[in-house]
Structure formats: structure tokens, C-alpha cells
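Input: a single structure, listed below in C-alpha cells.
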Amino acid sequence: MRARAAEAEPLRGGAPPAPAASAGPTLPRAFFGRPVLDVARDLVGCLVSHDGAAGLIVETEAYHQSEPACHAFVGLTPRTRTLFGPPGRAYVYRSYGIHALLNAVAEEEGTGAAVLIRALEPWAGVEAMRDRRRLERAEELCSGPGKLTQALAIELHPDGADLATGPVRMHPRPPDRPAPRLVTGPRVGITKAADVPWRFCAASSPHVSRPRPPG
DNA sequence: CATGGGATTGACT
DNA sequence: GTCAATCCCATGC
């Protein structure tokens with residue numbers, strides 16, 4: 001067993017249990033088994049839930065084996081096994097030795113493609129998010145790919161798990177929410193294929209990561 | 001088996 | 001604006 005005290009330890013003595021984030025039905029497998037750019041666009045507005053908290057996706061990035069910024073560019077290795085697997089699974093990897101980053105595997109089995117979830121608007125279990133992040137402002141809880149996994153308590157464990165059955169789940173856009181208008185731009189923080197405009201943000205959302213897209 | 005890079009964040013200048 | 005922290009895994013000797 002690894003050291004996981006920070007995860008298991010209650011943060012405050014009398015903290016009430018997080019409210020159940022009943023985010024409703026999950027996205028079908030067929031949603032993810034499509035071109036990764038379509039999946040990345042259509043995921044904005046959808047919900048992600050885990051461990052008593054949930055957020056609306058306000059920012060995504062697409063990655064595909066055909067371009068060098070994608071981990072799958074190097075081919076099938078133990079690390080990229082999940083990327084080449086069936087669509088609709090979670091691909092979670094550690095970045096910079098510290099952060100767990102959440103992706104949704106897209107396209108058909110055998111093709112390495114995924115959508116990185118970069119930012120959420122807190123939707124349920126916000127107090128649990130504040131406890132985990134030790135921050136108050138809603139705009140800072142999930143405004144980055146490493147921040148949102150911390151807020152939702154997602155570690156590497158869900159890698160390879162089905163997003164329809166959990167532990168990490170993805171759900172359609174709540175019916176009372178309008179479909180967001182999208183802003184497209186270059187992906188953040190990469191050195192290879194940095195010019196490809198495969199980043200999709202909900203226009204004017206205060207919950208997206210930096211750098212904020214224009215408009 | 002040793003090394004180095006990486007899709008980040010938070011603290012600091 | 002800079003920079004360190006930190007770990008998985010691909011690569012090369």
C-alpha cells in the first residue's frame with residue numbers, strides 16, 4: 001500500500017458527509033466512440049462526478065495519436081494502453097510528478113485518442129471541494145486540470161475504468177442548462193504541435209483555466 | 001539500471 | 001514574469 005494518509009484522513013473533525021451528487025444518467029459508450037474533436041466539443045456542458053462531488057465541464061482539449069503532443073504518438077506501451085483501449089474509459093496519468101490529469105478515451109478501440117478535461121464549474125458537493133482544495137472561491141476550485149482532480153478526489157486509481165459505471169462518471173448536460181457557446185484556441189502548456197487549435201472553452205465562463213481565451 | 005522529460009501548480013520577484 | 005516540487009515511464013548505456 002502506498003501512503004495515502006492525506007486522502008483517508010478527515011480534514012476536519014465534525015465535517016458532515018458530502019451530499020450525494022446524483023448527477024443522473026451517464027453518457028453512452030457511443031458518445032465517446034466518435035472523432036475526438038467532436039467528443040471534445042460535445043463534452044463542454046456535460047457533467048463529471050466522483051466521490052460526492054460533480055462539476056460542469058467548461059474546458060476540454062483533444063489529443064490524437066497522429067500528433068506528437070499526444071501520449072499515444074509513441075505507439076502502444078504500458079503507459080498508453082488505456083488510450084488505445086475502448087472508448088468511454090477514463091485515462092488518468094500523473095503530470096509533473098504531482099498532479100493526476102483526467103481524460104476520456106475517444107474513437108474506436110485501437111486508435112489512441114482522448115479528451116483532457118481542463119476545467120469545471122462546481123455543481124454539487126462544493127463544500128467537499130473546498131475542503132479538498134483548502135480554498136473558498138468557486139472560480140478557483142476546478143479551474144485547471146490538476147485542480148479539478150484534487151477537488152473531485154480523483155487519483156490514478158480510476159485509470160481504465162468505464163466512465164458509465166465509475167468510480168468517475170460522465171453525464172449529459174443538465175436539461176435546465178443551455179448549451180454553451182464555444183471558444184476555440186491552441187492547447188495549453190505543450191511544446192509539440194502547439195499550433196493546433198484543439199482547446200475548447202465555454203465562452204465567458206469564469207471557471208476556465210489560464211490563459212483565459214479571448215472574448 | 002540511470003537519466004531526463006512532461007498535457008501543472010503555487011509561491012515568489 | 002521565474003522557478004522548484006515530484007513521479008511515472010521511455011529511452012539508452
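By convention in this document, chain letters (A, B, ...) are assigned in the order of the sequence lines, proteins followed by strands, and residues within each chain are numbered from 1.
When distances are taken from the side chain of A:Y63 to each of B:dA7, C:dT6, C:dC8, the shortest belongs to B:dA7. Closest to the side chain of A:L116, from the set C:dA5, C:dC7, B:dA7, is B:dA7. Closest to the A:T77 side chain, of the nucleotides C:dT6, B:dA7, C:dA10, is C:dA10. Side-chain proximity of A:P78 to C:dA10, B:dT9, C:dC7: nearest is C:dA10. The side chain of A:I98 sits closest to C:dA5 out of B:dG10, B:dG6, C:dA5.
As rounded to whole Å, 14 Å separates atom P of B:dT8 from atom CG of A:L102. Atom CZ in A:F73 sits roughly 13 Å away from atom P in B:dA7 (whole-Å rounding). The interatomic distance linking A:H71 (NE2) with C:dC9 (C1') rounds to 10 Å, in whole Å. Protein atom CG of A:L148 is 17 Å distant from nucleotide atom P of B:dA7, rounded to whole Å. In this structure, A:L83 places its CG atom 12 Å from P of C:dC9, rounding to the nearest Å. As a whole-Å value, the separation of A:R187 CZ from B:dT8 C1' is 16 Å. We find that OH of A:Y96 is positioned 5 Å from P of B:dT8, with the value rounded to whole Å. Note: CG (A:N103) to P (B:dA7) measures 12 Å, nearest angstrom.
In this model, the phosphate group of B:dG10 is approached by a side-chain N or O of A:K147 to a distance below 4.0 Å at OP1 or OP2.
Heavy atoms of A:R118 sit under 4.0 angstrom from primed sugar atoms or phosphate atoms, though from no base atom. As judged by a 4.0 angstrom heavy-atom cut-off over every strand, A:I190 is placed among residues touching the sugar-phosphate backbone only. Among the atoms of the strands shown, none is found under 4.0 Å from any heavy atom of A:R210.
The shortest non-hydrogen separation linking A:A53 to A:M129 is CB-CE, 4.0 Å.
Note that A:R187 lies in the cation-pi zone of A:Y63, set by a 6.0 Å cut-off to the ring centre and a 45° limit from the axis.
Figure legend. B:dT8 is base-paired to C:dA5; pairs are counted as Watson-Crick or G-U wobble with both atom distances under 3.5 Å.
Mapped onto DNA chain B by nearest heavy atom, A:G97 and A:P145 fall at different nucleotides, with A:G97 at the one closer to the 5' end.
Put simply, A:Y93 does not rest on the base of B:dA7: the two rings are not both less than 5.5 Å apart at their centres and under 30° in tilt.
Rounding to the nearest 0.5 Å places CD of A:E59 at 6.5 Å from CD of A:E61.
A donor-acceptor pair shorter than 3.5 Å cannot be found between the side chains of A:T111 and A:Q65. Between the side chains of A:S205 and A:H207, no donor-acceptor pair is found at a separation under 3.5 Å. In the model, A:R132 has no side-chain atom that pairs as donor or acceptor with a side-chain atom of A:Q150 under 3.5 Å.
Nucleotides C:dA4 and B:dG4 place their P atoms 16 Å apart, quoted to the nearest Å.
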